[in-house]
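Worksheet: the structure to be examined is printed underneath.
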Amino acid sequence: MTGAAKTTGTVPVSFRLPRLAAPLYRVVFDQQRTAHGHTLAMWVAELPDSDRRVGVVVSKRVIRDACDRNRAKRLLREAFRLSRHRLKPGVSVILVPRVGIGGKTCREVMRDFERACRRAKIWDKTMDGTG
RNA sequence: AGAGUAAGAAGUGACCGGUCGCUCCUGAUUCGUUUCAGGGGAGGAAAGUCCGGACUCCAUAGGGCAAGAGGCCCGGUUGUUAAAGCCGGGGGGAUGCUGCCACAUCGGCAUCAGCGGAAAGUGCCACAGAAAACGAACCGCCCCGGUCAAACGGCGGUAAGGGUGAAAAGGUGGUGUAAGAGACCACCGGGCGUUUCGCGUAAGCGGCGCCGCAUGGCAAACCCACUCUGGAGCAAGGUCAAAUAGAGGGCCCACGACGCUGCCCGCGUCUUUCCGCUCUGACAAGGGCGGAUUGGGCUCCGGGUAGAUCGCAGAGAUGAAUGACCGGAGCCACAUAUGUGGUGAACAGAAUCCGGCUUACUCACGGCUCUCGUU
RNA sequence: GGAGGGGUGUCUGAGUGGUUUAAAGAACCGGUCUUGAAAACCGGCGUGUCUUACGGGCACCGGGGGUUCGAAUCCCUCCCCCUCCG
């Protein structure tokens, strides 16, 4: 638990959350490399000219209320921000929340995101020892 | 201090500090969209879109019709051309309970509202009932005719009684009568008038006078009178403005003609020129029709699409910003000097802005009731 | 964000104040016909609740409230669905 807090501190101050450009969404979806957790679904692709970018898609059909949609979107962004340094360089992901994200905390979403990344084999295991 | 209730009254607020992160603004800084510093950053409902306004464009001399909306009076508030809404007070009603033996009705209490007009007109009032509205006769009662007596009959009288209905033509008592009836009388109720009767700012109430007083309900049916309203909406609208196509102006090249020359090249000028058919005509020349050539490049102008930007804000985007973690107040539960655990909220997330209404809903303060203690 | 239209049995759907018998069709069930089926014809057929049952009563037209003697219908409010506007 405290270890997670330390690794958070190692994120560079200049870190910024980049976003995927519009045509890249279709490129990533067409590759069909997916990984599912209880709270999210993830599309993975390795794109040139971009390093570890994220896109978040929240459908009104999955989450009805606008407030819960905002909550889910922010949780996925935060989970990605705090875990970005553990991803393999060069990959980009699109995150889509699932119904199970309702009522979950940030830690639970982060753990679920990590499991999905390991399954997609984009998790950098060389830093496991620090956790 | 404790407990509880209720209107889900009206009202106020949505805790503080630190670290990381996001968005916008300002000022420095940087090759830069980088970096640094400072500052702003969801709600009471942001919702539903039920009303109104600001604002924008369109329309518009003036007036009327149509259509839509509103509803007692006074004051205040937000807002305003004016209304609506909300708050307080008042008036007159409706419904329920209750009191008077009962009825019309009246008194008391509680609740409610969307409170102009039903003799301006039209329409409707199913079923039942004789009758549901330019004042009604089914039964009954009375009278007359008829008969021994009945039955029966009357373009007869009668609204007291029965019966129907949501609603039946003022109520009670008496006089009166063939029987009855506001036909007449007393009381109650009602209608009309009261510009100069009194009280009240007013709605209205009381008094007085007149009327025996037939003329029901529905206007959230059409409607009448009064008051108000032009239409559409930020996806309104303004500005800038690719590419493609088209239109126009200018320039250059090519083509053609003419000239500088006898020819070519070159230069200059003009721009439609050339061919076929046909008409006028001796020819030249001119007119008409058809076809070919009017190819390429550059540039300008107009309109305006994609797009951008403004509109747009002391939050503010257009692939759409408010999050995470730690700690402390606060709250809850358990044992209880204190500690542990949980929670740190419910409803819910701005998209031009503001006000009202409606709906969803948590906690604290405030408000009400009860109990205990102290002064 | 703004503008407009709609909601009636299982389905499609009429009904614009009056026991509306909540029409009609489809679907479903039963019967006639057929060796059997289809088609045709005849009859039945919404849900909930009360009632021992048969028979029947009451309520329900998206939810709630109001106007009226009486509401699917008129009025207010909420919920849901659909269409259009760059």
Side-chain angles (χ1 to χ4, degrees):
Chain A
M1 197 67 69
T2 56
K6 284 179 181 174
T7 54
T8 301
T10 63
V11 174
V13 181
S14 63
F15 170 70
R16 205 188 150 115
L17 192 68
R19 295 198 185 87
L20 292 170
L24 295 179
Y25 274 77
R26 180 154 297 284
V27 173
V28 175
F29 279 128
D30 287 345
Q31 299 219 355
Q32 296 184 350
R33 287 180 57 191
T34 62
H36 297 270
H38 294 100
T39 63
L40 57 90
M42 181 169 64
W43 276 257
V44 183
E46 297 191 10
L47 302 172
D49 304 331
S50 63
D51 181 27
R52 290 178 289 195
R53 294 191 177 209
V54 67
V56 180
V57 176
V58 186
S59 168
K60 199 179 280 189
R61 298 182 60 177
V62 177
I63 302 174
R64 185 171 185 79
D65 294 336
C67 188
D68 298 333
R69 272 204 303 281
N70 272 340
R71 172 76 182 165
K73 182 163 54 185
R74 286 164 182 158
L75 280 176
L76 292 181
R77 278 207 193 119
E78 187 71 9
F80 175 84
R81 184 180 73 87
L82 296 176
S83 306
R84 183 173 182 264
H85 63 286
R86 301 291 303 272
L87 299 181
K88 287 186 175 177
V91 302
S92 294
V93 298
I94 291 177
L95 301 177
V96 175
R98 307 181 69 184
V99 182
I101 201 170
K104 293 295 195 304
T105 65
C106 185
R107 287 209 181 89
E108 291 171 320
V109 175
M110 278 183 67
R111 223 171 283 134
D112 199 45
F113 177 67
E114 178 181 340
R115 277 197 295 271
C117 289
R118 288 183 190 277
R119 211 167 299 140
K121 299 183 178 12
I122 59 174
W123 194 260
D124 192 352
K125 297 176 182 175
T126 60
M127 300 178 69
D128 277 359
T130 63

Task: Span that lies between the C1' atom of B/rU105 and that of B/rG123, in whole angstrom - done: 34 Å
- [ ] Hunt down the Watson-Crick or G-U wobble partner of B/rA247, both distances under 3.5 Å, from any strand shown, or write none.
- [x] none
- [ ] Quote, to the nearest angstrom, the C1' distance that separates B/rA313 from B/rC25.
- [x] 13 Å
Open item on the list: Rounding to an integer number of angstrom, what distance separates B/rG230 and B/rU81 when you compare their C1' atoms?
Closed with: 15 Å
Open item on the list: Looking at every non-hydrogen atom in both residues, tell me the closest pair between A/L40 and A/A116 and how far apart they are.
Closed with: CD1-CB, 4.3 Å
TODO: Indicate the atoms forming the closest heavy-atom contact of A/H38 with A/R98, along with that distance.
DONE: O-CB, 4.1 Å
Task: Pairwise P distance, B/rG70 and B/rA220 [rounded to whole Å] - done: 10 Å
Open item on the list: Using a strict threshold of under 4.0 Å (side-chain N to carboxylate O), is an ion pair present between A/E78 and A/R74?
Closed with: no
Task: Pairing partner of B/rA3 (Watson-Crick or G-U wobble, both distances under 3.5 Å) - done: B/rU369
Open item on the list: With a 4.0 Å cut-off on N to O distance, would you call A/D68 and A/R71 a salt bridge?
Closed with: no
- [ ] Have a look at B/rG182 and give me syn or anti from its glycosidic angle (syn if within 90° of zero).
- [x] syn
- [ ] Ignoring the backbone of A/R77, work out which of B/rA348, B/rA321, B/rA324 is nearest its side chain.
- [x] B/rA321
- [ ] Please test A/W43 against A/R33 for side chain to side chain contact (heavy atoms under 4.5 Å, CB included), starting from the C-alpha separation and ending with a verdict.
- [x] CA-CA 6 Å; A/W43 276 257; A/R33 287 180 57 191; over 6 Å; no
Task: Smallest separation among heavy atoms of A/V96 and A/L76, with atom names - done: C-CD1, 4.2 Å
- [ ] Check every atom of B/rC325, B/rG349, B/rG323 against the side chain of A/C106 and return the nucleotide holding the closest atom.
- [x] B/rC325
- [ ] State the pairing partner of B/rG99; accept Watson-Crick or G-U wobble contacts with both distances under 3.5 Å, and report none otherwise.
- [x] B/rC106
Task: Spacing of A/D68 atom CG relative to B/rA346 atom P, expressed in whole Å - done: 11 Å
Open item on the list: Rounded to whole Å, please give me the gap between CZ in A/R84 and P in B/rC22.
Closed with: 11 Å
Task: Assigned partner base of B/rG121, Watson-Crick or wobble definition, under 3.5 Å - done: B/rC222
Open item on the list: Measure CZ/A/R69 against C1'/B/rU322 and give the value in whole Å, please.
Closed with: 17 Å
TODO: To the nearest Å, give me how far apart NZ (A/K73) and P (B/rA324) are.
DONE: 14 Å
Task: B/rG349 to B/rA320 separation - C1' atoms, rounded to the nearest Å - done: 13 Å
Task: Residue matched to B/rC258 through Watson-Crick or wobble contacts both under 3.5 angstrom - done: B/rG268
Open item on the list: Using O4'-C1'-N9-C4 for purines and O4'-C1'-N1-C2 for pyrimidines, with syn meaning within 90° of 0, is B/rA69 syn or anti?
Closed with: anti
Task: Toward the 5' end of RNA chain B, by each residue's nearest nucleotide, A/V57 or A/L75 - done: A/V57
Task: Nearest-Å distance for atom pair CE/P, residues A/M110 and B/rC325 - done: 10 Å
TODO: Counting Watson-Crick and G-U wobble pairs only, both distances under 3.5 Å, name the nucleotide matched with B/rA235, or none.
DONE: none
Task: Torsion-based syn/anti label for B/rG17, 90° from 0 as limit - done: anti
Task: Who pairs with B/rG8 - Watson-Crick or G-U, where each distance is under 3.5 Å - done: none
Open item on the list: Any side-chain to backbone donor/acceptor pair from A/R115 onto A/G37? Under 3.5 Å, distance only.
Closed with: no
Open item on the list: Between C1' on B/rC20 and NE2 on A/H85, what's the gap in Å once rounded to a whole number?
Closed with: 13 Å
Task: Atom C1', compared across B/rA131 and B/rA159: separation rounded to whole Å - done: 12 Å
- [ ] Please state the P separation for the pair B/rG356 and B/rG206 - nearest whole angstrom.
- [x] 42 Å
Open item on the list: Please give the distance between the C1' atoms of B/rA219 and B/rC224 as a whole number of Å.
Closed with: 10 Å
Open item on the list: What is the distance, to the nearest angstrom, from the CG atom on A/L82 to the C1' atom on B/rC20?
Closed with: 8 Å
Open item on the list: Looking at A/R81, I'd like to know whether one of its side-chain N or O atoms comes within less than 4.0 Å of OP1 or OP2 on B/rC325.
Closed with: no
Open item on the list: On RNA chain B, does the nearest nucleotide to A/R71 precede the nearest nucleotide to A/C67 from the 5' side, or the other way round? Give the residue.
Closed with: A/R71
Task: Strand partner of B/rG93, provided both Watson-Crick or wobble distances fall under 3.5 Å - done: B/rC112
Open item on the list: Rounded to whole Å, how long is the line connecting atom CG of A/L76 with atom P of B/rA324?
Closed with: 13 Å
Open item on the list: Closest approach to the side chain of A/E78, judged atom by atom: which nucleotide of B/rC326, B/rA42, B/rA324 is it?
Closed with: B/rA324
